[in-house]
**Student:** 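Structure provided below as structure tokens; questions to follow.
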Amino acid sequence: MPDGAVHSSLTSDAAIAVVANARAGSVARLGEDRIRQLVAAGSASCTLTWSEPEQLEEALDLAFSSGAAAVAVIGGDGTIRSAAKRSLQSGVPIAPLPGGTLNILPKLALGHADLEAAIEEMPRWIVRDMDVGVIGGEPFFLTAACGFAGALARMREAWRPPRTWSAVSKATVACLQGFGPSLRGGVRYQLGGDIWRNAHTLVLAVGSVERVVRADLYQDKSHVTLQAWALAAQTPLQLLRTAWQATGNWRDAAGLDVGRAEVIGLRLGNKRPLVVLDGEPVRLSRASEARLMPGALKVLGPPLALNTDQDVSKTDGEGAPWR
């Protein structure tokens, strides 16, 4: 089923369990009293659980087993990914409310990242089916990056407050140690049943990688495959040259190979590889393939979060359709 297809509507008195991560950015900024006020004003059938990060997994388990018609989650991408995994297993729809920094799934489902507006709009939403990528048992909604991207993401996370010298130094050493091996082919991948190829870094996107930087393509449902972008640089000089070319016409940058497949085989050279899922580094227990699951995730959202009537294959550099 294509991304964004309508599945059903909830009744006006349907019970919705709301779980908020108290330490997520937007949640902490608004505060518990304001969020409770917004939830209560939106619907009397909504019940809010205010959870500290240490109790969040338990709170999500209780919400999905409560018999609620849907579970609304207010938190960052990690929190929402935990909820999405439970939704995929249980079939209970989720309402991904923007409470973090990147807000990948909320932007895909809602078309914006305004937490107050999202809570107010929630009673009018319907259930839609969204495509999901899965790698090593973990879902991703926009991109999964394998290879050297994991080391870079770990270093970025180490530099975030409250940073420590120990975490920064360990991440920096790991990044430097991983650079050479990654250039020699840190990722092996296979598109469908095609031949195996080597890559320095492999980025997999649900539908189209352009959705990462083009807000008007968040709701693009013209593709039903995973798109793979493989950086095949062999030396630091080639890597720098590719990075320089990518600042211009990046589709034609040297060392980049692009392909599509519903199933992509993977050999990551590590029993517990560090993969960046929607911008967040995640340590996987296994990763032998990435797979597209069309229409697998049921999400609450507006019927059309963004305008998708344009032909997304013909756009100019500003995102407007070509005439």
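These values consider heavy atoms only, across backbone and side chains, with no hydrogens, waters or symmetry-generated copies.
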**Student:** Heavy atoms only: give me the nearest A68-V92 pair and the separation to one decimal.
**Tutor:**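 The pair with the smallest heavy-atom distance is O-CG1, 4.0 Å.
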**Student:** Could you tell me if the side chain of V275 sits less than 4.5 Å from the side chain of C146, heavy atoms only?
**Tutor:**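 C146 reaches V275 side chain to side chain.
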**Student:** Under a 4.5 Å cut-off applied to non-hydrogen side-chain atoms, are I195 and Q190 in contact?
**Tutor:**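 Result no, sub-4.5 Å side-chain heavy-atom pair not found.
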**Student:** Say whether, by atom type as modelled, one donor and one acceptor occur between the side chain of D194 and the main chain of L191 under 3.5 angstrom.
**Tutor:**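 Answer holds: no.
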**Student:** Taking all heavy atoms of F141 and all of L297, pick out the closest pair and write down the distance.
**Tutor:**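 Here F141 and L297 meet closest at CE2-CD2, 3.8 Å.
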**Student:** If you count the non-hydrogen atoms of other residues, nucleotides and ligands that lie under 6.0 Å from CZ in R23, is the total more than 12?
**Tutor:**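 12 or below, so no.
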**Student:** How close do S26 and L115 get, heavy atom to heavy atom, and via which atoms?
**Tutor:**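 That would be CB-CD2, 3.9 Å.
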**Student:** Is there a donor-acceptor pair under 3.5 Å between the side chain of D77 and the backbone N or O of I104?
**Tutor:**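 Yes; at least one donor-acceptor contact below 3.5 Å.
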**Student:** What distance do W229 atom CH2 and D257 atom CG have between them, rounded to the nearest 0.5 Å?
**Tutor:**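 That separation rounds to 10.5 Å.
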**Student:** Would D61 and R86 count as a salt bridge (charged side-chain N to carboxylate O under 4.0 Å, His left out) if you check the C-alpha gap in whole Å, the side-chain angles of each, and the deciding distance to 0.1 Å?
**Tutor:** CA-CA 8 Å; D61 286 337; R86 290 168 170 81; 2.7 Å; yes
**Student:** Can you list the residues that meet the salt bridge (Lys or Arg N to Asp or Glu O under 4.0 Å) rule with D114, with sequence neighbours excluded?
**Tutor:**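 Result, salt bridge (Lys or Arg N to Asp or Glu O under 4.0 Å) vs D114: none returned.
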**Student:** So D278 and R81, do their side chains get closer than 4.5 Å, heavy atoms only?
**Tutor:**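 Sidechains of D278 and R81: in contact.
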**Student:** Before you tell me yes or no, could you show the steps for H112 and E121 under side-chain contact (heavy atoms from CB on, under 4.5 Å), namely the whole-Å CA-CA distance, both residues' side-chain angles and the distance that decides it to 0.1 Å?
**Tutor:** CA-CA 12 Å; H112 64 80; E121 295 165 358; 3.2 Å; yes
**Student:** Do L110 and P98 make a side-chain contact, defined as non-hydrogen atoms from C-beta onward lying under 4.5 Å apart?
**Tutor:**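 Yes - at least one pair of side-chain heavy atoms lies under 4.5 Å apart.
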**Student:** Is any side-chain heavy atom of R267 less than 4.5 Å from a side-chain heavy atom of S288?
**Tutor:**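 They are not in contact (no side-chain heavy atoms under 4.5 Å apart), so the answer is no.
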**Student:** Roughly how far apart are L105 CG and L142 CG, rounded to 0.5 Å?
**Tutor:**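 Interatomic distance, L105 CG to L142 CG, rounded to 0.5 Å: 10.0 Å.
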**Student:** Assess the residue pair L277 and T143 against the criterion (side-chain contact (heavy atoms from CB on, under 4.5 Å)); give the C-alpha distance rounded to whole Å, side-chain angles, the decisive distance to 0.1 Å, and a yes or no.
**Tutor:** CA-CA 6 Å; L277 303 179; T143 61; over 6 Å; no
**Student:** Test of understanding: clusters of I, L, V, M, F, W, Y form through side-chain heavy atoms closer than 4.5 Å, transitively. Do I16 and L62 belong to the same one?
**Tutor:**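 In one cluster: no.
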**Student:** Report the distance from atom CG of L226 to atom CE of M293, rounding to the nearest 0.5 Å.
**Tutor:**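 L226 CG to M293 CE: 11.5 Å, rounded to 0.5 Å.
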**Student:** Picking from L48, I74, T47, L56, what satisfies side-chain contact (heavy atoms from CB on, under 4.5 Å) with V19?
**Tutor:**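 So the option named by the test is L56.
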**Student:** Between Y189 and L204, is there a side-chain heavy-atom distance shorter than 4.5 Å?
**Tutor:**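 Side-chain contact under 4.5 Å: no.
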**Student:** Under the side-chain contact (heavy atoms from CB on, under 4.5 Å) rule, what do E120 and L38 come out as? Steps first, then yes or no, please.
**Tutor:** CA-CA 7 Å; E120 292 173 354; L38 289 168; 3.8 Å; yes
**Student:** Identify the heavy atoms of N103 and G99 that sit nearest to each other, and give their distance.
**Tutor:**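 Here N103 and G99 meet closest at OD1-N, 3.2 Å.
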**Student:** Just wondering, do V299 and P93 contact through their side chains at under 4.5 Å, heavy atoms?
**Tutor:**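 Of all side-chain heavy-atom pairs linking V299 with P93, none is under 4.5 Å.
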**Student:** I'd like to know whether CD of E58 has more than 12 heavy-atom contacts from other residues, nucleotides or ligands below 6.0 angstrom.
**Tutor:**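 No, the 6.0 Å shell around CD holds no more than 12 heavy atoms from other groups.
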**Student:** Any non-hydrogen side-chain atom of I135 less than 4.5 Å from a side-chain atom of F140?
**Tutor:**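 I135 vs F140: side chains touch.
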**Student:** From I119 CD1 over to L97 CG, what is the distance, rounded to the nearest 0.5 angstrom?
**Tutor:**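 That separation rounds to 6.0 Å.
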**Student:** Nearest heavy-atom pair of N21 and G75: which atoms, and what distance?
**Tutor:**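 Residues N21 and G75, closest heavy atoms: CB-CA, 4.3 Å.
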**Student:** Is any NZ, NE, NH1 or NH2 atom of the basic residue among E138 and R283 found under 4.0 Å from an Asp or Glu carboxylate oxygen of the other?
**Tutor:**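 Salt bridge between E138 and R283, a charged N being under 4.0 Å from a carboxylate O: no.
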**Student:** How far does CD1 of I264 sit from CD of E289, to the nearest 0.5 angstrom?
**Tutor:**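 Nearest 0.5 Å value for the CD1-CD distance: 10.0 Å.
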**Student:** Do you know which two heavy atoms are closest between G207 and Q227, and how far apart they sit?
**Tutor:**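 Looks like O-CB, 3.8 Å.
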**Student:** Enter the distance from L60:CG to T49:OG1 here, rounded to the nearest 0.5 Å.
**Tutor:**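 Those atoms lie 9.0 Å apart.
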**Student:** Is a side-chain donor or acceptor of S87 paired with a backbone partner of A83 at a separation under 3.5 angstrom?
**Tutor:**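 Between the backbone of A83 and the side chain of S87 there is no qualifying donor-acceptor contact (under 3.5 Å).
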**Student:** What verdict does the side-chain contact (heavy atoms from CB on, under 4.5 Å) test give for R36 and W50, after you've listed the backbone C-alpha separation in whole Å, the side-chain angles of each residue and the deciding distance to 0.1 Å?
**Tutor:** CA-CA 9 Å; R36 287 193 180 278; W50 188 263; 3.7 Å; yes
**Student:** Have R34 and Q37 got a donor and an acceptor in their side chains that come within less than 3.5 Å?
**Tutor:**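 On atom types as modelled, these side chains qualify, holding a pair under 3.5 Å.
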